[in-house]
Protein chains: 4
Amino acid sequence: MICGSALRKGVSPLKKKVRVGVIGAGAMGLHHSGSLAHRIQGAELVSVADPDPEAAERAAALAPGAVATADHHALLADAAIDAVVIAAPNDTHARLIEEASGAGKHVFCEKPLALDLPSADAALAVVADSGVKLQVGFQRRFDPGFRRARSIIQEGDLGAVELIVSTTRDPKPPSLDFMRRSGGLFMDTLIHDLDSARFLSGLEAAEVYATASTMFLPEGARGRFVDTAVTSLRLETGALAVITNSLRAAHGYEVAAEALGEKGKVTVGQEQQTGVRRYRADGVWNDHVYHFLDRFRDAYLVELAHFVECVSLDRQPEVSGEDGRAALVLALLAARSFQEGRPVSVDEAGDG
Amino acid sequence: MICGSALRKGVSPLKKKVRVGVIGAGAMGLHHSGSLAHRIQGAELVSVADPDPEAAERAAALAPGAVATADHHALLADAAIDAVVIAAPNDTHARLIEEASGAGKHVFCEKPLALDLPSADAALAVVADSGVKLQVGFQRRFDPGFRRARSIIQEGDLGAVELIVSTTRDPKPPSLDFMRRSGGLFMDTLIHDLDSARFLSGLEAAEVYATASTMFLPEGARGRFVDTAVTSLRLETGALAVITNSLRAAHGYEVAAEALGEKGKVTVGQEQQTGVRRYRADGVWNDHVYHFLDRFRDAYLVELAHFVECVSLDRQPEVSGEDGRAALVLALLAARSFQEGRPVSVDEAGDG
Amino acid sequence: MICGSALRKGVSPLKKKVRVGVIGAGAMGLHHSGSLAHRIQGAELVSVADPDPEAAERAAALAPGAVATADHHALLADAAIDAVVIAAPNDTHARLIEEASGAGKHVFCEKPLALDLPSADAALAVVADSGVKLQVGFQRRFDPGFRRARSIIQEGDLGAVELIVSTTRDPKPPSLDFMRRSGGLFMDTLIHDLDSARFLSGLEAAEVYATASTMFLPEGARGRFVDTAVTSLRLETGALAVITNSLRAAHGYEVAAEALGEKGKVTVGQEQQTGVRRYRADGVWNDHVYHFLDRFRDAYLVELAHFVECVSLDRQPEVSGEDGRAALVLALLAARSFQEGRPVSVDEAGDG
Amino acid sequence: MICGSALRKGVSPLKKKVRVGVIGAGAMGLHHSGSLAHRIQGAELVSVADPDPEAAERAAALAPGAVATADHHALLADAAIDAVVIAAPNDTHARLIEEASGAGKHVFCEKPLALDLPSADAALAVVADSGVKLQVGFQRRFDPGFRRARSIIQEGDLGAVELIVSTTRDPKPPSLDFMRRSGGLFMDTLIHDLDSARFLSGLEAAEVYATASTMFLPEGARGRFVDTAVTSLRLETGALAVITNSLRAAHGYEVAAEALGEKGKVTVGQEQQTGVRRYRADGVWNDHVYHFLDRFRDAYLVELAHFVECVSLDRQPEVSGEDGRAALVLALLAARSFQEGRPVSVDEAGDG
């Protein structure tokens, strides 16, 4: 098991450092660059590509000798690079996976795999042909809490799973520009919950129903983007799952999951930043984690270390391209269910 | 506000005791009888009716001078009785309300008001004609936690409500016999959440979708009763609500609610029986409230005291027949949505 | 075990009601009067004595037929009274126990038993001679949390107790007048923790050290009363106990206990009034129990019901006069330790 | 403020890397070596000294080019080294501080500064003469929770501090050999609480009383080492502080603090490893942090980064030699109080 305490130990040094290039130097790309530069011993950050030269420079500066480029093709053409981390906008993921795996690079790609199924399948086909490794960035699978919850379930401590409840709420909505490229709530936020529902329950979905609203996004979003959604799934055993998402939570970033079974339930959801509590005449106060990088700091590091280790030791990553595809299918069905106002069967996934 | 501390104070003595008869002496009828006999100063328990003479005797024995009868008609014919508490099986509620209000008795009736809409409307018509008071037993409206949450919302501390999440899980499923008379999960359990979603948000629903499964009920229930359900509502403002229900929770009785709005969220859900925590090598342990009479002990008392006070002071109870009807409509639509596998508009309420 | 759920059940009716008189109609006397009048089936409130006729009237008015008197001698002379509840100022306890037991009444007396040891011993001697039952009002012994913690310890789940930490903090200091009669923090507040340390650990103390300060009491209290204290005990096995007390806690009433042993620890300390939590941009908020009658509502009722039952069934109450004396000895030693600035052995208890 | 989120940001690059040698390669020395090698950008790990060559090698291997030595004099003689981290046994601290500062190296030294006052003063005199910087390893001062609590107090949100309660419990006692060199509970464990009492309250102590027991250490420890202690302090304003320590906590590592003041209280004590909770028929379970490196992972990193930054920018570290001395004085007085069975004034610090 990969757990918090593993972070304390000196990880056994790998034979040879994995040389990594990062494509996309926004918040996540910068964060991953820092991990590769300083915190993952088996990795070496050698190049960062971003159309914004300043962003590329800022990330590359984290490692001595790393180079910045505005052109990711140059990065992919660099024979010294073993693997790439794709942290560019969602609408580029599938194409970049194709290009990178076509160039023989192992690929770590942020979720989602793609914004439509044909693109995803085309990308996965190139990955399969080229024989490179592909890991999709569902970092919750590396969070000590989610891993523990899954172990409890997989070991049968709950008995059969009957109900999953999953929650993701972002502190603030992204810009409309960001949403245009990310695919919006269903593609960018819900997809995490869809993956963790599969991860926790070990079950596949049979039917999806989503209802959603635009409650607070600015005028320009109306009719195009939703900010609040409830998605329910019927799983293959008849078990149910329900996911609530919101793009705004004034109190901070909120991720929680609950699994109910025959013998009780298990929940995940550590939300405090510190253990401080303030007791005053008007009640008791504690803080709340606000930023996703605070909530999942360990998970982001461990998932990337896992990828680097898999590349180094020639193992298959725990989160496969198929996992990325399965979550994508459900996200697309949720979007369709919402548009058509009806529950949609997974058998309809290839349609439309 | 009716709150916990109110229970400490000597309530101002009312002019004249309200003489109450209880119809139905099962668990709730017995509990209400005890409250009327000992804990509500303005009330006097004068009669208990139940087809099971032992049950009637046991409840009547709680108050000196109270009489037991197997025939509720006798109770309703007693001119000394001002008001009745209906705690008989759900499938008798509507008829009993009709009979009691027809006899000029004020009525406190456990939820649901009825198992179908025509019966509910017929009962409400008699109530209106006879001018008696009617209160429906949505006790959560008298729980200090739910009341506090509602105040926070109504005072605008959350801004506009965007999402309600409500949870009710019973420790163990009832018998098939009980379910036959209660109407099952949608009529007997979900209806509480439907009422509290209305109570907390102050909003009406526009559309209902329910998905449900029979995961653990015995063979004979298959095809007739569900034990696990997810119901989502679109509210009149576009806000969403989602309710999860289960008829089994090995860890105990579980009621929780969450309301998310512009300025944050509020949650209700005190679940511990005592404040004891046990710390051992394998982790930290605390108990969980197991029985609904433990979770809502205060609320059951306060709702009944409220009814007695309303009768005594000639005021309208806070939970009206219309509230009972509104929750019933949504429960019926949830059942239809499940049966027909599609979202159902509240405009369809009169149909089918 | 006497536990919360016991309160739900119809207690088996006792043969004959125990007729009780209450001496002292302040906050506690009024509360106990209400319990006797309405909530303890085996008891009948027949008389209330208080020098303040209005206070006596208010309490007596809770039960039909109960009489009020300014003269407790009249109450004690009433042959119809079986038992008395002493809720008068602390400096009258020992004398009232003597008088009441001398008059053949069973006695429930609020803590402390007395303000000095000779008075306590004189009172206990009369109790022993007259053969009446005596229960001292250490209500924490009837709190479901404290009882559960003690069971865990007594059943060996912690192994040998090594450390007890006990906390009592009152929301606001009482008036100087009240303190003059109550004996102050050591006699009136600490004594609860001394008793619960004995109750939880099952151990006696060997040595006491107390340090204390006057941090916020008004000018007139300086040099006479303390408001903040830390008392440490060495127990007979070498285990340690420490108690912190404060007469002010802006956030509300606070009672907590912790016992550490070989196999872990157990804590008690339910502090919330409701389960409501409010999440906002500045953090997460919940309430805190403010009043001791809210925190110990069940315990106050159960202890009195226990006393009534012991009288009715001719059993010895769980909290004996010896328990009252043992806590008093330690409170007196704590006061002496503080005055003399040194640890004091319990062997010095008879001195000075 | 140095807070959790600071760890997310790219720290502004310092002019020149601070070259650091580590003396002592046990658990803490190894951990600090890893931080210097990988996680603190402004530092370079150049040498590790430990009498055990394997330990020195293991730590040195964390940084390319770092050398291992069995002789710390060689390390101190290396002109390329700017600063040293002393993580050797407690009984060597004072001497090593003297040697290192005498050799012109800046010093980060684990607590305690020394095991007796004359040694501490001699070491501080050399530090003062040589003009190097000295930081003592009270890492709690860099924990986000403790820092937040202190800010709340220092900003006056509590009003005047009236009471501090501090808790440190280690999961398992160290070996007797370790205790011989560490000075035992008072020198090695209590000293953390003494420092954090000063840090949180901003107050100095006037009087110390300690009582302690040997409850579970092996036979050979009796009469020489204690495992359970309660230490109370009277602070300069009359405010009180109390500290409980245990060398065993089967449930894991436990650090908590509470400060009570006029306007309420603040507590620190985040104890869970993950946010997972398991609900079963026998209650609710969560984990507990077990290892001090898990509890204070951030704090250990941030304190060392602070030291490196102070060296680089020529600033005085936040935790001074005087802070180290003040805590040492109180630990020595606690030990004396325990041995002599009486409260000891800080004015006696120079004696005996």
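Lettering follows sequence order; numbering is per chain, from 1.
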When you measure from the side chain of D:Asp50 to the backbone of D:Ala25, do you find a donor-acceptor pair of N or O atoms at a distance under 3.5 Å? yes

Chain D contacts, top residue of A:Arg278, A:Glu258, A:Arg280 (heavy-atom pairs, under 4.5 Å): A:Arg278

If you tally heavy-atom pairs under 4.5 Å against chain A, which of D:Val266, D:Leu260, D:Thr267 wins? D:Thr267

Please report whether the ring centroid of A:His291 lies less than 6.0 Å from that of A:Tyr253. no

Look up atom CZ in D:Phe199 and atom CG in D:Asp193, then write down how far apart they are to the nearest 0.5 Å. 14.0 Å

When only pairs under 4.5 Å are counted, which of D:Val284, D:Val268, D:Asp157, D:Leu158 shares the most heavy-atom pairs with chain A? D:Asp157

Using the ring centroid of each side chain, check whether A:His32 and A:Phe108 are separated by less than 6.0 Å. yes

Heavy-atom pair count under 4.5 Å with chain A, highest-scoring of D:Gln272, D:Lys265, D:His38: D:Lys265

